[in-house]
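One structure is given here, and the rest of the page talks about it.
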Amino acid sequence: MKCVLLLATLITCMELHAQQVGINTTQPQSTLDITGQPTVTNTPDGIIPPRLTRAQLIAKTAYGLNQQGTVVYVTDLSGTLNTATKDVVHTGLYVFNGTKWNPLQKKMMGFSATKNNSYSVTAFVDHQLQFTAEEFDPYNWFNTTNNRFQPNIAGYYYINANASVYSISSALRILMIRKNGVRFKQGSSSYTSPVAISVSVLVYLNGTTDYLDLAIYSTTDYTATATPAETYFQAYYIGD
């Protein structure tokens, strides 16, 4: 009898608040209104969405247009990325837009490398700049062995580079961003006094084979001393 009365009460409450549901409140102010217990220090407040490993999320095939707005928490980076999960590159909250999962809060996705030594350039030959240290590179997109930036996420990247150029003779010097080993964008200088050359660009990289590196070209031989404040290579993921 008690169970029947309880069920009847629940049905009545659901009918009274069919369009607004309250948790810990009898007067919900929206479709779902959850009131926490902020003064109870030993009770955790909050909402926990479904938690999945990335491999588990990749394996799911039921998401479509009807699931737009779905939120999950990805707990690790297991599995091989597919089209729907290609932007799931760190743990955290993700929302489904009907086609793919997008992070609710993006983390820094890029790198910065610096140079702190002397280097020599032979005239009329592209000289790849070798960087001596990384300031940050959370996804290991920059290879300190071959000095290439090669991200594993397809999309547009903002690239920023600067190099110190010292010479006592007048000559053309070019700082170039190379894509897959071919000159892509460049900046130049022909001053006789010490200068720094900058170049920046927005570029699309395919997330697999595309890579960027930096090179210097000069019409005369010269040797320069690079410092981290003047000679650096940076990139930041903008989006797809």
Side-chain angles (χ1 to χ4, degrees), residues 81 86-87 89-90 106-240:
L81 295 174
K86 68 186 185 69
D87 288 335
V89 294
H90 56 75
K106 290 187 176 182
K107 295 185 178 180
M108 169 60 191
M109 299 172 68
F111 88 102
S112 179
T114 60
K115 186 172 179 62
N116 191 27
N117 59 9
S118 297
Y119 68 96
S120 297
V121 174
T122 301
F124 305 109
V125 177
D126 289 356
H127 172 83
Q128 186 197 49
L129 286 177
Q130 311 286 315
F131 291 88
T132 57
E134 287 185 284
E135 295 178 305
F136 54 84
D137 185 12
Y139 298 102
N140 296 315
W141 286 347
F142 184 74
N143 188 319
T144 55
T145 300
N146 60 24
N147 290 276
R148 294 177 177 179
F149 170 62
Q150 189 167 6
N152 59 10
I153 298 177
Y156 290 92
Y157 291 82
Y158 178 75
I159 312 300
N160 184 43
N162 196 79
S164 55
V165 179
Y166 292 82
S167 179
I168 59 174
S169 61
S170 177
L172 175 65
R173 288 173 181 82
I174 299 172
L175 172 64
M176 66 192 77
I177 296 173
R178 301 189 299 190
K179 182 177 180 181
N180 302 328
V182 178
R183 291 191 187 190
F184 181 63
K185 301 293 181 182
Q186 63 190 40
S188 64
S189 171
S190 59
Y191 288 100
T192 57
S193 58
V195 296
I197 305 174
S198 297
V199 60
S200 59
V201 66
L202 188 66
V203 58
Y204 181 86
L205 301 175
N206 63 16
T208 53
T209 59
D210 285 344
Y211 69 88
L212 302 176
D213 67 354
L214 289 186
I216 291 280
Y217 174 89
S218 174
T219 55
T220 62
D221 295 350
Y222 79 93
T223 297
T225 300
T227 65
E230 293 179 315
T231 305
Y232 49 83
F233 186 17
Q234 301 170 329
Y236 179 72
Y237 175 66
I238 301 297
D240 57 5

Side-chain ([X]) to main-chain ([Y]) donor-acceptor, under 3.5 angstrom:
X: K185; Y: S200; result: no
X: K179; Y: L205; result: no
X: N152; Y: G207; result: no
X: S164; Y: T231; result: no

### Query
Taking only residues two or more places apart in sequence or in another chain, which ones pass ring pair (Phe, Tyr, Trp, His ring centres under 6.0 Å) with Y232?
none

### Message
Please determine whether side-chain contact (heavy atoms from CB on, under 4.5 Å) holds for the pair I177 and L214, giving the CA-CA distance in whole Å, both sets of side-chain angles, and the decisive distance to 0.1 Å.
### Response
CA-CA 5 Å; I177 296 173; L214 289 186; 3.6 Å; yes

### Message
Please tell me whether Y237 and Y139 form a close aromatic pair, meaning their ring centres lie under 6.0 Å apart.
### Response
no

Rounded distance [0.5 Å steps], [atom1] in [X] versus [atom2] in [Y]:
X: Q150; Y: D213; atom1: CD; atom2: CG; answer: 10.5 Å
X: W141; Y: N143; atom1: CH2; atom2: CG; answer: 14.5 Å
X: I197; Y: R173; atom1: CD1; atom2: CZ; answer: 8.0 Å
X: I216; Y: Q128; atom1: CD1; atom2: CD; answer: 11.5 Å

### Query
Can you name the salt bridge (Lys or Arg N to Asp or Glu O under 4.0 Å) partners of R148, sequence neighbours left out?
none

### Task
Please list, chain by chain and in numerical order, all residues satisfying salt bridge (Lys or Arg N to Asp or Glu O under 4.0 Å) with D137, sequence neighbours excluded.
none

If you take all heavy atoms of [X] and [Y], which pair is closest and at what distance?
X: A154; Y: N206; answer: CB-O, 3.3 Å
X: F131; Y: N147; answer: N-OD1, 2.7 Å
X: D221; Y: A123; answer: OD1-N, 2.6 Å
X: I159; Y: A235; answer: CD1-CB, 3.5 Å

### Query
Should we say atom CZ of F136 is surrounded by more than 12 heavy atoms from elsewhere, each under 6.0 Å from it?
yes

#### Entry: Step-by-step side-chain contact (heavy atoms from CB on, under 4.5 Å) determination, Y156 to V203
CA-CA 5 Å; Y156 290 92; V203 58; over 6 Å; no

#### Entry: Parallel, tilted or perpendicular: ring planes of F233 versus F142, cut at 30 and 60 degrees
perpendicular

### Task
Report the relative orientation of the aromatic rings in Y119 and Y222; use parallel for angles under 30°, tilted for 30 to 60°, perpendicular for over 60°.
perpendicular

### Task
Mind running side-chain contact (heavy atoms from CB on, under 4.5 Å) on Y217 and Q186 for me, showing each step along the way?
CA-CA 10 Å; Y217 174 89; Q186 63 190 40; over 6 Å; no

### Message
The criterion is side-chain contact (heavy atoms from CB on, under 4.5 Å); which residues satisfy it with E135, sequence neighbours excluded?
### Response
S112, T114, Q234

### Summary
Hits for side-chain contact (heavy atoms from CB on, under 4.5 Å) against Y236, two or more places apart or cross-chain, chain-then-number order -> M108, I238

### Task
Find out whether L129 and L175 are in side-chain contact, i.e. whether some heavy atom of one side chain is under 4.5 Å from a heavy atom of the other.
yes

### Query
Given S198 and N162, is the side-chain hydrogen bond (donor to acceptor under 3.5 Å, both in side chains) satisfied, shown in steps?
CA-CA 4 Å; S198 297; N162 196 79; 2.2 Å; yes

#### Entry: N146: side-chain hydrogen bond (donor to acceptor under 3.5 Å, both in side chains) partners, not counting sequence neighbours
none

